[in-house]
Enquirer: 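Take this structure, written in structure tokens, and hold onto it; I'll ask about it next.
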Amino acid sequence: MANFSKSQVPQFSVEVYQNAFLPEGGREVNAIVTVTSTGGGTTGGIPLADAAPAYGAGQGPGAAVVLMVDCSGSMDYPPTKMRNARDATAAAIDTLREGTQFAVVAGTHVAKDVYPGNGRLAIADAQTKAQAKEALRKLSAGEGTAIGTWLRLADRLLNSADVAIRHGILLTDGRNEHESPEDLRAALDSCAGRFTCDARGVGTDWEVKEVTGVAAALLGTADIVADPSGLAADFTRMMENAMGKEVADVSLRLWTPVGVEIRFVKQVAPTVADLTARRTEANARAGDYPTGSWGDESRDYHVCVLVPEAGIGQEMLAARVSLILPDPSGAGTPQTLSQGLVRAVWTDDMVASTSINPQVAHYTGQAELAQVIQQGLDARKSGDFDGATAKLGRAVQLASASGNQDTAKLLSKVVDVVDAATGTVRLKAKVAEADEMTLETRSTKTVRVKK
């Protein structure tokens, strides 16, 4: 974690990759926007004035983390699962940066803050970490599962902290059987934008769409830990990543001229996430799309707009993309961290207007890859084996063409690949449940385009 002063935040840069040329009558403009953040301790950090009052001296922004541990009855089958969950949570606590505020929540059909308790957060140091790990040793499995109650308690705890970064880590091993899907959705809607959350499913008895839905709504990561013995390493990595975040609540602001329609805004790397419906209006011509917390990292976004028709030789600004950091008091003017321009130029040069930008082509394929994996697995579950074969075959073809080797390996555990280039596959007669769930959970992970 880079050391930087209260007066700086990481520096953001925006690069736009597109083919700006359209044929006569052409309207659709596609661009890949690469956003890169580098540590505020580097030369050229952007002055933040008083926008982050919770920065610790020389330790980056103040942070608060709540760890939510499933303690439902199924965590006792096998008994090693609960022990692995306690050990993993202890490893995550050891990874907390000194001075971080934190709490541990035991989740069943209700939520209980087991450390430090009484609706408070502890300050991470040697003593509080030891006390938290002692509290973990007393956790036992029993009763049901209601994830929405865990998230609402985490929100209350995190909201009590005057910090820049608020983050949750959620572990579950079962289905959310003790509250309705509507209750979980309402909890997610209530928590969205207030904290980020990584979600993990341990074993194979949980529902993939529930765990990935939590992560998607709260701008975190989702994954499977099929073998509970792998939890400690995974929790350590998650906490290291959370401790590396330096600025929260960054928005991608899209300004468009009169007459321009927005088709979609998607994150396409490191994972696919459709942000289109999450727009909040900034003013008459601009809207903000949430991106969550940032450390030293780079992400890619696909912006697609429809422009009015124009004649040959005409040129227009199709969109302006900006990175926006709000004034935490809500009173001041949001700060623009960086911006890039999306252009449209009409030409009668057929070679120029029909050329597809390599970045746009790559990520269009990666988004389709995520979609056809989901469709193929859903078809397989419903007994539509011909449909599953066609969709998963297309997935194999896309993974091979884009060099997405991790996804290709996961697909090979569900289908026998006859010819990757043509997408010719056969469904495996027997598939381990963990392999199918791993493919579904990780289907949205992408590979970066070689620029």
Side-chain angles (χ1 to χ4, degrees), residues 14 27-33 35 147-148 151-152 155 168 170 176 180-199 207-222 248-294 299-307 318-326 334 342 360 363-364 366-375 378 440-441 443-446:
V14 172
R27 297 190 59 205
E28 184 173 286
V29 178
N30 289 275
I32 299 299
V33 179
V35 178
I147 293 173
L151 294 167
R152 288 184 185 276
D155 183 36
L170 184 149
N176 197 45
S180 68
E182 293 75 19
D183 286 341
L184 177 57
R185 172 45 56 190
L188 290 170
D189 289 344
S190 174
C191 296
R194 293 168 63 82
F195 68 96
T196 55
C197 185
D198 294 323
E207 180 61 48
V208 171
K209 288 180 173 59
E210 287 176 354
V211 170
T212 56
V214 168
L218 303 182
L219 300 176
T221 64
D249 301 328
V250 176
S251 295
L252 193 75
R253 177 168 293 180
L254 190 63
W255 177 91
T256 50
V258 173
V260 172
E261 303 171 35
I262 299 168
R263 287 202 58 200
F264 60 78
V265 177
K266 297 177 181 178
Q267 178 183 287
V268 288
T271 58
V272 176
D274 195 339
L275 303 177
T276 311
R278 304 189 67 168
R279 175 185 172 106
T280 56
E281 300 304 321
N283 54 53
R285 303 264 18 110
D288 292 346
Y289 302 85
T291 69
S293 302
W294 288 75
R299 306 178 200 170
D300 291 337
Y301 298 87
H302 186 171
V303 174
C304 179
V305 298
L306 294 177
V307 296
R320 181 171 64 241
V321 183
S322 306
L323 269 294
I324 300 296
L325 186 66
V342 180
V360 171
Y363 285 124
T364 300
Q366 293 289 285
E368 184 189 353
L369 173 60
Q371 181 181 47
V372 293
I373 288 174
Q374 291 289 332
Q375 291 172 340
D378 288 345
E440 184 175 4
T441 306
S443 62
T444 59
K445 292 188 177 181
T446 58

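Scope of the values below: all heavy atoms of this structure, side chains included, with no hydrogens, waters or symmetry mates. When a residue number appears, it is its place in the shown sequence, counting from 1.
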Enquirer: Just so I know, are the side chains of L219 and R278 near enough to count as touching, which here means a heavy-atom distance under 4.5 Å?
Expert: yes
Enquirer: Of all heavy-atom pairs between L170 and C197, which one has the smallest distance, and what is that distance?
Expert: CB-SG, 4.0 Å
Enquirer: Shortest non-hydrogen contact from A248 to L325?
Expert: O-CD1, 3.4 Å
Enquirer: How many angstroms lie between atom CZ of R152 and atom CD1 of I147, to the nearest 0.5 angstrom?
Expert: 13.5 Å
Enquirer: Can you tell me how far OG1 of T291 sits from CZ of R253, rounded to the nearest 0.5 angstrom?
Expert: 12.5 Å
Enquirer: Indicate the atoms forming the closest heavy-atom contact of Y363 with A269, along with that distance.
Expert: OH-CB, 3.6 Å
Enquirer: Could you give the distance from OG1 (T271) to NZ (K266), rounded to the nearest 0.5 Å?
Expert: 13.0 Å
Enquirer: Using 0.5 Å steps for rounding, measure from the CG atom of D155 to the SG atom of C191.
Expert: 4.0 Å
Enquirer: Taking the side chain as every heavy atom from C-beta outward, state whether Y301 and V321 have any pair of such atoms under 4.5 Å apart.
Expert: no
Enquirer: Roughly how far, to the nearest 0.5 Å, is the OG1 atom of T444 from the CD1 atom of I373?
Expert: 9.0 Å
Enquirer: Please step through salt bridge (Lys or Arg N to Asp or Glu O under 4.0 Å) for the pair E281 and R279, ending with a clear verdict.
Expert: CA-CA 6 Å; E281 300 304 321; R279 175 185 172 106; 2.9 Å; yes
Enquirer: Of all heavy-atom pairs between L254 and A319, which one has the smallest distance, and what is that distance?
Expert: CD1-CB, 3.7 Å
Enquirer: Taking the side chain as everything from C-beta on, heavy atoms only, tell me whether T446 gets closer than 4.5 Å to V268.
Expert: no
Enquirer: Using side-chain heavy atoms (C-beta onward) and a distance below 4.5 Å, is Y289 in contact with I262?
Expert: yes
Enquirer: So do the side chains of K445 and P270 get within less than 4.5 Å of each other, counting heavy atoms only?
Expert: no
Enquirer: If you apply the rule salt bridge (Lys or Arg N to Asp or Glu O under 4.0 Å), what do you find for D378 with K209, and how did you get there?
Expert: CA-CA 11 Å; D378 288 345; K209 288 180 173 59; 3.4 Å; yes
Enquirer: Below 4.5 Å, heavy atoms only, C-beta onward: do V265 and L252 meet side chain to side chain?
Expert: yes
Enquirer: Using a 3.5 Å distance criterion without hydrogens, assess whether the side chain of R263 forms a donor-acceptor pair with backbone atoms of E28.
Expert: no
Enquirer: Name all residues meeting the side chain to side chain donor-acceptor pair (under 3.5 Å) criterion together with R185; count only those two or more places apart in sequence or in a different chain, and write none if there are none.
Expert: D189
Enquirer: What I'd like to find out is whether the side chain of T256 reaches to under 4.5 Å of the side chain of V307, using heavy atoms alone.
Expert: no
Enquirer: Any donor-acceptor pair under 3.5 Å linking the side chain of E440 with the backbone of Q374?
Expert: no
Enquirer: If you take all heavy atoms of E261 and R27, which pair is closest and at what distance?
Expert: OE2-NH2, 3.4 Å
Enquirer: Please check if any side-chain donor atom of T280 sits under 3.5 Å from a side-chain acceptor atom of D288, or the reverse.
Expert: no
Enquirer: On a heavy-atom basis, which atom in I324 and which in P334 lie closest, and how many Å separate them?
Expert: CG2-CB, 3.5 Å
Enquirer: Once rounded to the nearest 0.5 Å, what's the spacing between atom CG of D249 and atom OG1 of T196?
Expert: 9.0 Å
Enquirer: Mind checking whether T364 and H302 have side chains closer than 4.5 Å, heavy atoms only?
Expert: yes
